[in-house]
Amino acid sequence: MLCFYYFLGFSCDFNPLIWGWNPIWCIIGSLLIPLPLDIPPNPRPHFQPPHYQASPAPIDPSLFSPCFELSLLTTNNFRSMPRKGNYGFNYDEDYGAYEDYFDDSDIESDVGEVLEEEQEVIKPGTWRCSICTYDNDESMPFCDICEVFREPVSICNSGNKRTAPFKFDCPSPDDLVSHGKQSSKAVSKGALSSITEKNRSVTAVPRSGRQESSSVPLANGRRIPANESRSTFSEDNSHSLTNSLSITVEVNSEGSRNVNNRRAVSPSQYKPEAWMLSDNEEGSKNQLNLAIVGHVDSGKSTLSGKLLHLVGRISQKEMHKYEKEAKLKGKGSFAYAWVLDESAEERERGITMTVAVAYFDSKKYHVVVLDSPGHKDFVPNMISGATQADAAILVIDASTGAFETGMDSNGGQTREHAQLIRSFGVDQIIVAVNKMDAVGYSKERFELIKQQLGMFLRSCGFKDSSMLWIPLSNIENQNLVTAASDGRLSSWYRGPYLLDAIDSLHPPVRDVSKPLLLPICDVIKSHSLGQVAVSGKLEAGALRSGSKVIVMPSGDLATVRSLERDSQSCTTARAGDNVAVSLQGIDGGNVMAGGVLCHPDFPVAVATHLELKVLTLEAALPILIGSQVEFHVHHAKEAARVVRILSLLDQKTGKVTKRAPRCLTAKQSAVIEVVLEGAVCIREFSDCRALGRVFLRGSGRTVAVGIVTRIIE
Ligand code: GTP
Ligand code: MG
């Protein structure tokens with residue numbers, strides 16, 4: 001127990017966001033134990049903000065890693081003790097057991113005594129932070145050091161709403177971006193959608209007055225329904241997010257009452273029919289949903305466009321057209337990216353804004369390419385599209401300085417995308433080290449990137465055996481669909497080229513024998529499909545024309561009229577397939593993106609109060625009781641409030657290290673409870689991984705990833 005006190009004082013020292021805890025724990029430690037360890041006691045008798053620290057000795061760049069980065073802010077004494085940074089708690093473990101919470105009431109009472117002894121006079125004109133004890137100027141609404149608000153909000157005292165770290169009484173940065181985009185003239189493409197044949201019109205249905213979408217013709221004659229879905233507000237709906245969410249609450253709570261009153265049938269009683277299990281369709285390949293992720297401008301869209309061209313999905317003629325148009329606009333280098341970035345705004349700005357979908361066949365797979373936006377403003381779009389991935393290609397810009405920017409702990413999308421993709425459950429990753437032409441195909445550069453990024457990816461939970469590293473160049477067509485021809489690369493690289501690497505991925509495991517689950521990515525009004533159609537990926541079960549489904553959260557029953565996969569009508573769709581499903585016997589107003597099509601006897605829960613196990617990400621703002629966050633799960637997004645922080649967990653063992661902590665800071669694993677403003681369709685992670693993974697965002701960045709451990713209400 002005594003070592004535990006000391007450990008707390010010591011370990012907190014590595015986290016700049018919870019510096020202030022040190023004095024408390026170290027005082028306790030020094031009062032109670034004679035410190036037999038060979039570690040110097042805390043050198044700061046009185047708390048000082050980080051910028052008062054003596055600058056640390058230069059760091060050996062070869063030691064670069066997330067955990068060493070942290071040590072830059074600590075004293076030299078502690079630099080020699082790297083702290084294990086494990087972002088990805090093992091999502092494959094069983095999360096059921098939380099009975100082993102130990103009672104640490106003795107710790108709390110000891111803290112109380114010490115605090116009384118340590119009571120000091122607070123200088124006039126200042127206030128003392130209750131978390132880190134730093135004396136802040138009276139004018140500061142939050143602590144200058146740990147950014148904890150002076151008067152944290154408690155949801156228990158609801159009624160008088162006060163400011164919380166994540167403001168939700170106005171549109172979030174994510175919503176502002178979506179809104180800005182919606183109001184622009186540009187049209188956008190769908191996240192996951194059916195690509196229909198030439199001249200077929202597919203138009204997205206506005207969702208209960210909350211959103212508007214449009215369809216966009218692709219230059220090659222296909223159309224993809226636009227996806228602004230849940231996070232978008234029309235010009236007329238420029239009211240606050242809170243207002244629009246409260247509308248959703250009413251609608252959804254009605255639905256949730258109906259649905260949750262249905263007689264629950266245990267999924268173990270489900271017996272799949274024979275047609276669901278067998279795959280009779282001739283020549284059909286396994287579908288592989290492949291997310292293309294990475295920092296902005298790393299070359300994701302160019303890579304996707306080039307692949308499509310090289311495998312024959314985009315003809316030479318079409319490619320000439322893109323090249324000509326791009327040159328005319330002075331964007332010649334973006335010609336291949338234009339295959340996927342088809343909206344005027346994306347082309348003008350030279351960035352991807354929504355996830356583009358394209359298909360091609362490799363030797364082994366029917367590959368669904370999900371080209372994600374790399375810009376930090378569009379992470380919610382990336383989440384909505386790439387959450388369906390079975391595997392990912394992480395594209396890295398090898399050129400000097402660019403790789404380093406992507407790895408920046410403050411806004412580097414290489415880091416955020418890697419963390420997100422792992423928390424989507426993706427464990428197979430191809431690292432495409434792109435733009436090798438810009439560094440003369442240098443083996444040393446490739447090895448440096450492999451070493452530094454490899455360390456980070458391992459800390460995210462990727463195993464060495466599931467990572468493939470390929471040096472390539474889109475522009476010079478090296479290592480894409482054939483082995484490298486440039487001697488500068490082929491002289492030292494003998495591994496697989498990209499297409500080969502895709503075929504070497506393990507086929508994803510599909511839950512075909514479980515009851516149907518199809519989270520709705522988009523609602524589309526289709527002349528070819530019927531009045532109401534939805535698109536998305538089947539996460540479990542199977543569907544065919546004539547199947548009866550229950551549409552959640554409304555609880556309305558509908559019949560599947562027809563199915564389309566890759567623009568082609570098909571008779572059956574199974575888990576893993578991306579399909580467009582037309583429905584009959586249902587009012588289109590009761591079908592919404594973020595909803596789920598289910599087997600009529602096994603509807604998903606519709607809930608507003610959840611227990612989550614979360615992992616806070618680096619550089620995240622502290623999460624307090626009362627903090628307001630954006631809650632993302634599959635294609636649904638709701639405003640949420642943290643109502644309880646139950647316990648802090650050891651990231652390695654999952655054991656409780658502290659009960660009821662006052663706040664969560666960066667890189668902590670914890671069990672919390674959240675209350676959502678609107679109900680969402682959800683499952684516990686142990687029942688269905690895809691519907692039980694959540695993401696919490698605030699201030700335009702992902703603050704935590706997690707899983708649903710209990711549906712409370
Ligand atoms: P976002 O979607 O906005 O995140 O960007 P992206 O990752 O899709 O990058 P995009 O494909 O739009 O390419 C960005 C720029 O990188 C373009 O000017 C490309 O021509 C350039 N680029 C892509 N691949 C290569 C490459 O292999 N070598 C060089 N030198 N430039 C490349
Ligand atoms: Mg792009």
Side-chain angles (χ1 to χ4, degrees), residues 177 181 186 188-189 191 290-310 314 319 322-323 325-327 329-358 369-383 385-386 392-403 405-406 411-418 420-421 431-442 445-446 449 470-481 484-486 488-489 493 497-498:
V177 169
K181 183 164 182 266
S188 65
K189 57 186 167 277
L290 189 62
I292 318 291
V293 298
H295 193 67
V296 65
D297 270 352
S298 54
K300 299 177 290 299
S301 304
T302 307
L303 179 81
S304 310
K306 193 96 186 186
L307 264 181
L308 291 172
H309 175 53
L310 293 172
I314 304 291
M319 214 44 246
Y322 287 125
E323 277 167 5
E325 285 171 4
K327 255 192 204 135
K329 297 263 179 197
K331 299 264 180 192
S333 71
F334 286 88
Y336 285 95
W338 278 29
V339 174
L340 295 117
D341 295 343
E342 82 280 10
S343 82
E345 191 173 356
E346 284 177 314
R347 290 178 173 187
E348 200 166 300
R349 293 177 64 180
I351 58 167
T352 306
M353 293 161 87
T354 57
V355 174
V357 187
V369 176
L370 306 165
D371 176 36
S372 310
H375 195 284
K376 64 178 165 42
D377 286 350
F378 302 106
V379 173
N381 291 350
M382 179 268 183
I383 291 176
I393 299 181
L394 177 62
V395 183
I396 304 297
D397 183 344
S399 37
T400 317
F403 162 67
T405 311
Q413 294 308 301
T414 303
R415 293 173 94 93
E416 187 168 4
H417 280 204
L420 282 170
I421 209 83
V431 185
V433 182
N434 186 31
K435 305 197 188 180
M436 285 299 290
D437 56 292
V439 291
Y441 296 98
S442 157
R445 179 69 175 161
F446 176 73
I449 290 171
I470 306 180
L472 51 84
S473 165
N474 288 326
I475 293 290
E476 298 191 351
N477 190 11
Q478 295 297 314
N479 256 344
L480 292 173
V481 298
S485 55
D486 193 309
R488 290 174 296 172
L489 183 55
Y493 180 77
Y497 47 87
L498 188 63

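For ligands, and for the atoms within them, numbers begin at 1 and follow the listed sequence.
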As an exercise, state the distance from [atom1] of [X] to [atom2] of [Y], rounded to the nearest 0.5 Å.
| X | Y | atom1 | atom2 | answer |
| --- | --- | --- | --- | --- |
| Leu370 | Leu340 | CG | CG | 10.5 Å |
| His309 | Tyr322 | NE2 | OH | 11.5 Å |
| Asp397 | Met436 | CG | CE | 11.0 Å |
| Thr302 | Asp297 | OG1 | CG | 8.5 Å |
| Gln413 | Met382 | CD | CE | 8.5 Å |
| Asn477 | Leu310 | CG | CG | 5.0 Å |

Only heavy atoms of [X], strictly under 4.0 Å: list the atoms of ligand 1 that pass.
| X | answer |
| --- | --- |
| Thr302 | 10 (P), 11 (O), 13 (O), 19 (C), 23 (C) |
| Ile351 | 3 (O) |
| Ile475 | 20 (O), 25 (C), 26 (C), 27 (O), 28 (N), 29 (C), 31 (N), 32 (C) |
| Ala337 | 11 (O), 12 (O) |
| Ser473 | 27 (O) |

Problem set entry | Metal site angle (apex the Mg ion (ligand 2)), OG1 from Thr352 and OG from Ser301, 10 degrees |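 If I round to 10°, I get 90°.
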
Heteroatom distance test ([X], ligand 1): nitrogen or oxygen, under 3.5 angstrom:
| X | result |
| --- | --- |
| Pro373 | no |
| Asp341 | no |
| Thr352 | yes |
| Gly294 | no |

Exercise. Which is closest to atom 4 (O) of ligand 1 by heavy-atom distance: His295, His375, Lys300?
Worked result: Lys300

Problem set entry | N/O/S atom of Thr302 inside 2.8 Å of the Mg ion (ligand 2), strictly under |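 Checking the Mg ion (ligand 2) against Thr302, no N, O or S atom falls under 2.8 Å.
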
Exercise. Just wondering, is there an N, O or S atom on Ser304 that's nearer than 2.8 Å to the Mg ion (ligand 2)?
Worked result: no

Exercise. Lys435 and Ser399: which non-hydrogen atoms are nearest, and at how many Å?
Worked result: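 Closest heavy-atom pair between Lys435 and Ser399: CD-OG, 4.2 Å.
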
Please write down residue, atom name and distance for the protein heavy atom closest to [atom].
| atom | result |
| --- | --- |
| atom 14 (C) of ligand 1 | Asp297 OD1, 3.5 Å |
| atom 19 (C) of ligand 1 | Ser333 O, 3.5 Å |
| atom 30 (N) of ligand 1 | Asp437 OD2, 2.9 Å |
| atom 9 (O) of ligand 1 | Gly299 N, 3.2 Å |
| atom 12 (O) of ligand 1 | Phe334 CE2, 3.4 Å |
| atom 22 (N) of ligand 1 | Lys435 CE, 3.5 Å |

Exercise. Any side-chain donor-acceptor pair under 3.5 Å between Asp341 and Thr352?
Worked result: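 Side-chain D/A pair, Asp341 to Thr352: present.
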
Problem set entry | Close side-chain approach of Asn479 to Pro471, heavy-atom, < 4.5 Å | yes

Exercise. So do the side chains of Val433 and Arg445 get within less than 4.5 Å of each other, counting heavy atoms only?
Worked result: no

Exercise. Can you say whether the rings of Phe446 and Tyr493 are parallel (under 30°), tilted (30 to 60°) or perpendicular (over 60°)?
Worked result: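 Rings of Phe446 and Tyr493: perpendicular, as their planes differ by over 60°.
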
